[in-house]
Amino acid sequence: MDVLAKIALITGAGSGIGRAAAVALSEAGFSVVLAGRKRESLEATAGALQVGQSRCLVVPTDVTDPAAVRNLFLATNNQFGRLDVLFNNAGISAPNVPLEELTFARWKEVIETNLTGAFLCTQEAFKLMKAQQPRGGRIINNGSISAHVPRPNSAPYTAAKHAITGLTKSTALDGRAFEIACGQIDIGNADTAMAGKMKHGVPQANGTLAVEPTIDVRHVVEAIVYMAKLPLDANVPFITVMATQMPYVGRG
């Protein structure tokens, strides 16, 4: 491996923003570790990269399982000897149902995937980044517009994303003494499969359904690559990339 090459680990790399980020980071010169639940989806992402096997590692991982997360970072260290960037991107949403009808199982699944998974990956990244030479690295959390304001009937997703903001701040503080930088990207209506419903109408705060604009995902991944390539003495704590006319700023 080229000692100058940097290593980026992307969770939720099998589709959407995770896949797009993996491709963009690879094109920017990073070797990439692809993590996600489904091997076939990760292999499809690997197939989209214009790099050889020496610069790409596929590790099927359930980020809610501490043992699986430990294995992910052990495999990363065994293959590349270090980690420079972690993109905590894995996430799921819950059905759009009234808060009182949401099952505990669905609440728990969203919180464990979106929040606990990010914490477990951050914890293992800290261990690796503190011990490696040169020391340090960068962690980028996928926050979402929901880290600021909720959509109707989105309590578990919104609660998890608000908590990600707290995790980002704590990570940035606790990593400061070890050259570990942490920032968060809050994304609004990137045009991925998950955002396809925006084109057909989604619930608004006033009870109506409305079509919302989307943006090309490349605008999002360009921001992720910018954050990833910064030297460790510089950081972007928070950045928002969103469709200009989506109902976020103001009152709808």
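Keep in mind that this is a model prediction, so the values were computed, not measured. Heavy-atom basis, side chains included; hydrogens, waters and symmetry copies ignored.
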Connected via hydrophobic side-chain network under 4.5 Å: F238 and V236: no
Exercise: do T61 and N71 side chains pair donor with acceptor under 3.5 Å: no
Donor-acceptor pairs under 3.5 angstrom involving side-chain atoms of residues 35-48: please list them, not counting sequence neighbours.
{"unit_1": "R39", "atom_1": "NH1", "unit_2": "E43", "atom_2": "OE2", "d": "3.3"}
{"unit_1": "T45", "atom_1": "OG1", "unit_2": "A13", "atom_2": "O", "d": "2.7"}
{"unit_1": "T45", "atom_1": "OG1", "unit_2": "R19", "atom_2": "NE", "d": "2.8"}
{"unit_1": "T45", "atom_1": "OG1", "unit_2": "S41", "atom_2": "O", "d": "3.3"}

Would Y248 end up clustered with V211 when hydrophobic side chains under 4.5 Å apart are linked, directly or stepwise? no
Who passes side chain to side chain donor-acceptor pair (under 3.5 Å) against K127, sequence neighbours left out? E124
Could you tell me whether the side chain of R55 and the main chain of A5 form a donor-acceptor pair under 3.5 Å? no
Report the C-alpha distance between E212 and R151 in whole Å, list the side-chain angles of each, state the deciding distance to 0.1 Å, and finish with yes or no for salt bridge (charged side-chain N to carboxylate O under 4.0 Å, His left out). CA-CA 13 Å; E212 293 187 13; R151 289 188 178 277; 2.7 Å; yes
Could you state whether V23 and I215 fall into the same hydrophobic cluster, counting links through intermediate Ile, Leu, Val, Met, Phe, Trp or Tyr residues with side-chain heavy atoms under 4.5 angstrom apart? yes
Separation between OG1 (T214) and CE (M242), nearest 0.5 Å, reads 12.5 Å
Out of curiosity, does I111 fall in the hydrophobic cluster containing L120 (side-chain heavy atoms, cut-off under 4.5 Å, transitive links)? yes
Rounded to the nearest 0.5 Å, what separates atom CD1 in I185 from atom OH in Y226? 12.0 Å
Can you tell me how far OG1 of T103 sits from CD of E109, rounded to the nearest 0.5 angstrom? 8.5 Å
So CD1 of I7 and CG of D84: to nearest 0.5 Å the spacing works out to 6.0 Å
Drop me the distance from D191's CG to D216's CG, to the nearest 0.5 angstrom. 7.0 Å
Pairs under 3.5 angstrom only: tabulate donor-acceptor contacts from the side chains of residues 160-176 to other protein residues two or more places apart or in another chain.
{"unit_1": "K161", "atom_1": "NZ", "unit_2": "N142", "atom_2": "O", "d": "2.9"}
{"unit_1": "H162", "atom_1": "ND1", "unit_2": "S146", "atom_2": "O", "d": "3.0"}
{"unit_1": "H162", "atom_1": "ND1", "unit_2": "T158", "atom_2": "O", "d": "3.1"}
{"unit_1": "T165", "atom_1": "OG1", "unit_2": "Q184", "atom_2": "NE2", "d": "3.1"}
{"unit_1": "T168", "atom_1": "OG1", "unit_2": "N141", "atom_2": "ND2", "d": "2.9"}
{"unit_1": "T168", "atom_1": "OG1", "unit_2": "I164", "atom_2": "O", "d": "3.0"}
{"unit_1": "T168", "atom_1": "OG1", "unit_2": "Q184", "atom_2": "OE1", "d": "2.7"}
{"unit_1": "S170", "atom_1": "OG", "unit_2": "G166", "atom_2": "O", "d": "3.3"}
{"unit_1": "T171", "atom_1": "OG1", "unit_2": "L167", "atom_2": "O", "d": "2.7"}

May I ask you to check whether over 12 heavy atoms, not counting those of L74, lie within 6.0 Å of atom CG? yes
Examine L102 and L115 and state if one hydrophobic cluster contains both, with Ile, Leu, Val, Met, Phe, Trp and Tyr joined whenever side-chain heavy atoms are less than 4.5 Å apart. yes
Decide if atom CD of E101 counts as having more than 12 heavy atoms of other residues, nucleotides or ligands within a radius under 6.0 Å. yes
